[in-house]
Amino acid sequence: MQHDYDILIAGGGLAGNCLALALKDSGLKIAIIEAQTPQQLKQSPAGDRALALAAGTVNMLETMHIWQGIETATAIKQIHISDRGHFGKTRLSAKQQGVAALGYVISARDIETHVAALVEQAGIPRFCPARVVGLMAGNDAIHVSLKQNQQPLNLSAALLVGADGGNSSVRKLLEIPQHVTDYGQTALVTTVHSAKPHANTAYERFTESGPLALLPTQNNHLSVVWTRQHDDADALMAGGEADFLAQLQDCFGYKLGLLKLSSPRRAFPLTLIRAERMIDNRVVLIGNAVHQLHPVAGQGFNLGLRDVVQLAELLHSQPDPGTPEVLQHYAEQRRADHDKTIQFTDTTVKIFSNRWLALAAIRNAGLTVLDHLPFAKKQLARHAMGMADRLPRIGSKR
Ligand SMILES: Cc1cc2nc3c(=O)[nH]c(=O)nc-3n(C[C@H](O)[C@H](O)[C@H](O)COP(=O)(O)OP(=O)(O)OC[C@H]3O[C@@H](n4cnc5c(N)ncnc54)[C@H](O)[C@@H]3O)c2cc1C
């Protein structure tokens, strides 16, 4: 059967664009459908969030020739994990683990625009701005209806990849049920400058009111991800910058001296969304479209990129990329990593946002014990570096 494309990718965010780049030399005919113009993407307040990328993720991006040319990433050389008001703390260091960096921090906007530019350079066709508004799957093809500049357009493909984010239209059009956990929390995101050098240290501080992460960025700035209950977050957003900064400083302490706000505050309400299944007739969901996580453990895009790598590896060798066998194989390969990463993130949120004193004592004892156990620390470091799971190289022979 003749299709317009072998693979249509709905969503040109990080997951969709990285998949297109991973498949660019596969011989498959690919196109991307993206709702936002490059200008809208550049101006989106959501681009202000910083992403902590595990060393394993950066290795994968290097293998895919995506990381090369990125100039604004900051290496994480140490991770300092502590519990406010309690004694427990642990530290991980790249030196102890024998690696150059435990991970890297980059603004979402910088990596998104870099990846989008590579897609353009590679000449991968894009329908943009265009939205997927309808789907109809047959045995041999999927028919996709778009709205491009308010005009309808119909395309067909052997496979549709839904990479259209946490609010995925593809998932909704297929009526795939989703499990939603509302943590009742909002992530407040901003940037600070610290009086003392951050020395490439990432801080994760668990507090009674929620976790606070300070991630090192360029020129001694740190990107702040401060998770608070919705009401507290609303009050912190409604108050003045001076009040916000005073509360932030109180929560973090003075290890880095005085902090100064250096970018606007943004608020992201947090929910865990997991689609009940990741495949349908000639459709596969990847990235946030299938799993949107709480950012506490910084796993969202790290997990999404592992979807990309595994799917690209599988599709490279397929004459028909949308058969039930191919999609079933993909789903079986990905399930364990999804289960493990979602459970790790969900447990971290629940244990470390809990005010119950006994639990606080256990987690403190845990952090202190961990600090004295080199093997356990190595395991934690491997998790932080995204090395726990080994993935095949794209295009390699199986
Ligand atoms: C505060 C915060 C901090 C985070 N920190 C980290 C971190 O430290 N480390 C980490 O790994 N992850 C982190 N994440 C998660 C990370 O940002 C996401 O996992 C990642 O950006 C998801 O990429 P995606 O391509 O799957 O989805 P998205 O980035 O949402 O991209 C989806 C794309 O699809 C397009 N689209 C939507 N609907 C349609 C449609 N109908 N038709 C066509 N196109 C459509 C959208 O315009 C968008 O471009 C964080 C998230 C937040 C909110």
Side-chain angles (χ1 to χ4, degrees), residues 8-20 31-38 40-42 44-54 56-58 60-61 76 103-109 111-113 115-116 119 126-135 144-148 153 160-173 185-190 202 204 211 213-215 217 223-227 233 265-273 285-308 341 345 384 386:
L8 277 170
I9 302 173
L14 284 177
N17 279 347
C18 285
L19 180 68
I32 297 170
I33 305 157
E34 169 53 45
Q36 292 187 82
T37 62
Q40 285 170 322
L41 185 72
K42 247 186 207 152
S44 161
D48 285 349
R49 72 197 187 281
L51 302 183
L53 302 183
T57 298
V58 171
M60 284 187 245
L61 291 171
I76 301 174
Y104 291 83
V105 183
I106 184 164
S107 85
R109 180 171 295 111
I111 187 164
E112 282 169 353
T113 40
V115 175
V119 167
R126 274 165 63 92
F127 296 90
C128 178
R131 296 192 73 82
V132 173
V133 291
L135 297 176
V144 183
S145 308
L146 314 187
K147 266 257 165 79
Q148 186 173 25
L153 179 66
L160 172 70
V161 180
D164 51 347
N167 200 20
S168 169
S169 304
V170 175
R171 188 180 69 218
K172 287 180 188 159
L173 288 165
Q185 295 176 337
T186 298
L188 301 175
V189 170
T190 186
E204 181 84 54
L214 265 70
L215 306 171
T217 63
S223 177
V224 176
V225 184
W226 194 9
T227 306
R265 296 163 282 169
R266 310 276 186 213
F268 297 84
L270 300 177
T271 41
L272 162 66
I273 302 176
L285 300 177
I286 63 166
N288 271 29
V290 69
H291 46 63
Q292 181 180 284
L293 309 186
H294 191 299
V296 65
Q299 297 285 325
F301 175 57
N302 291 298
L303 182 62
L305 189 67
R306 298 203 289 274
D307 293 347
V308 166
T341 309
T345 302

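Both backbone and side-chain heavy atoms feed into the values below; hydrogens, waters and symmetry mates do not. Predicted model only: the values in this text are computed from it and were never measured. First listed ligand is number 1; within each ligand, the first listed atom is number 1.
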Please could you name the atoms of ligand 1 that Gly13 approaches to less than 4.0 Å, counting only its heavy atoms? 25 (O), 31 (O), 33 (C), 49 (O)

In the structure I gave you, are the side-chain heavy atoms of Met60 and Val308 within less than 4.5 Å of one another anywhere? no

Do any N/O atoms on Ala15 end up under 3.5 angstrom from N/O atoms on ligand 1? yes

Hey, does Ala46 sit under 4.0 Å from ligand 1 if you only count heavy atoms? no

Within 4.0 Å of some non-hydrogen atom of Ala163, the atoms of ligand 1 are 32 (C), 33 (C), 34 (O)

At their closest point, which heavy atom of Ala202 faces which heavy atom of Leu215, and how far apart are they? CB-CD2, 4.1 Å

Contact check: Val225 vs ligand 1, nitrogen or oxygen atoms, below 3.5 angstrom: no

In this structure, atom 38 (N) of ligand 1 is nearest to the protein heavy atom Arg131 NH2, 3.5 Å

Distance under 4.0 Å to a non-hydrogen atom of Val189: what atoms of ligand 1 satisfy this? 1 (C)

Pick whichever of Leu19, Leu51, Val105 has a heavy atom sitting closest to atom 13 (C) of ligand 1. Leu51

Taking every non-hydrogen atom, the tightest pair across Thr341 and Leu293: CG2-CD1, 4.2 Å

Contact region, Ala50 to ligand 1, non-hydrogen atoms below 4.0 Å, reads backbone

Of the side chain and backbone of Ala52, name the one, both, or neither that has a heavy atom under 4.0 Å from an atom of ligand 1. both

Does ligand 1 come near enough to Leu14 that some N or O of the ligand is less than 3.5 Å from an N or O of the residue? yes

Close side-chain approach of Ile111 to Leu61, heavy-atom, < 4.5 Å: yes

Answer with side chain, backbone, both or neither: which part of Gln299 has a heavy atom less than 4.0 angstrom from an atom of ligand 1? backbone

For ligand 1, is any non-hydrogen atom under 4.0 Å from Ser168's backbone (N, CA, C, O), its side chain (CB onward), both, or neither? neither

Determine, considering heavy atoms only, which of Ala108, Ala202, Gly16, Gly165 sits nearest to atom 27 (O) of ligand 1. Gly165

Residue portion contacting ligand 1 (non-hydrogen atoms closer than 4.0 Å) for Val170: neither

Quick one: side chain to side chain donor-acceptor pair (under 3.5 Å) partners of Ser223, sequence neighbours excluded? none

Please answer whether the main-chain N or O of Ala46 pairs with a side-chain N or O of Ser44 as donor and acceptor at a distance below 3.5 Å. yes

Check each heavy atom of Phe301 against ligand 1 and say whether those closer than 4.0 Å belong to the side chain, the backbone, both or neither. both

Is any side-chain heavy atom of Val224 less than 4.5 Å from a side-chain heavy atom of Leu188? no

Any idea which protein heavy atom is nearest atom 42 (N) of ligand 1, and the distance to it? Val132 N, 3.1 Å

Check ligand 1 against Gly287 and write out every atom of the ligand that is under 4.0 Å from a heavy-atom position of the residue. 26 (O)

From Gly298, Ala35, Cys18 - option closest to atom 45 (C) of ligand 1 by heavy atom: Ala35

From Glu112, Glu34, His294, Arg49 - option closest to atom 21 (O) of ligand 1 by heavy atom: Arg49

Within a distance under 4.0 Å of any heavy atom of Ile33, pick out the atoms of ligand 1 and give their elements. 43 (C), 44 (N)

Return the residue, atom name and 0.1 Å-rounded distance of the protein heavy atom closest to atom 41 (N) of ligand 1. Ser169 OG, 2.8 Å

Between the main-chain N or O of Ala54 and the side-chain N or O of Asn302, is there a donor-acceptor pair closer than 3.5 Å? yes

Residue Gln36 vicinity, atoms of ligand 1 by number, heavy atom under 4.0 Å: 47 (O), 49 (O)

When you compare the side chain of Lys172 with that of Asn167, does any pair of heavy atoms fall below 4.5 Å? yes

Are side-chain heavy atoms of Leu146 and Val132 found at a separation under 4.5 Å? yes

Backbone or side chain, does any N or O of Gly166 fall under 3.5 Å from an N or O of ligand 1? no

For atom 18 (C) of ligand 1, what is the closest protein heavy atom, and at what distance to 0.1 Å? Asn288 OD1, 3.5 Å

Just wondering, do Glu34 and Leu41 contact through their side chains at under 4.5 Å, heavy atoms? no

Taking the side chain as every heavy atom from C-beta outward, state whether Arg266 and Arg49 have any atom pair closer than 4.5 Å. no

Would you say the side-chain atoms of Asp164 pair up with the backbone N or O of Val170, donor to acceptor, closer than 3.5 Å? yes

Test log, rule side-chain contact (heavy atoms from CB on, under 4.5 Å), inputs Ile32 and Cys128: CA-CA 8 Å; Ile32 297 170; Cys128 178; over 6 Å; no

Contact check: Pro295 vs ligand 1, nitrogen or oxygen atoms, below 3.5 angstrom: no

Is there side-chain contact between Leu272 and Thr345, with heavy atoms separated by less than 4.5 Å? no

Counterpart residues, side chain to side chain donor-acceptor pair (under 3.5 Å), relative to Thr37 (two or more places apart): Gln40

If you have a sec, work out which protein heavy atom is nearest atom 39 (C) of ligand 1 and how many Å separate them, to one decimal? Asp164 CB, 3.7 Å

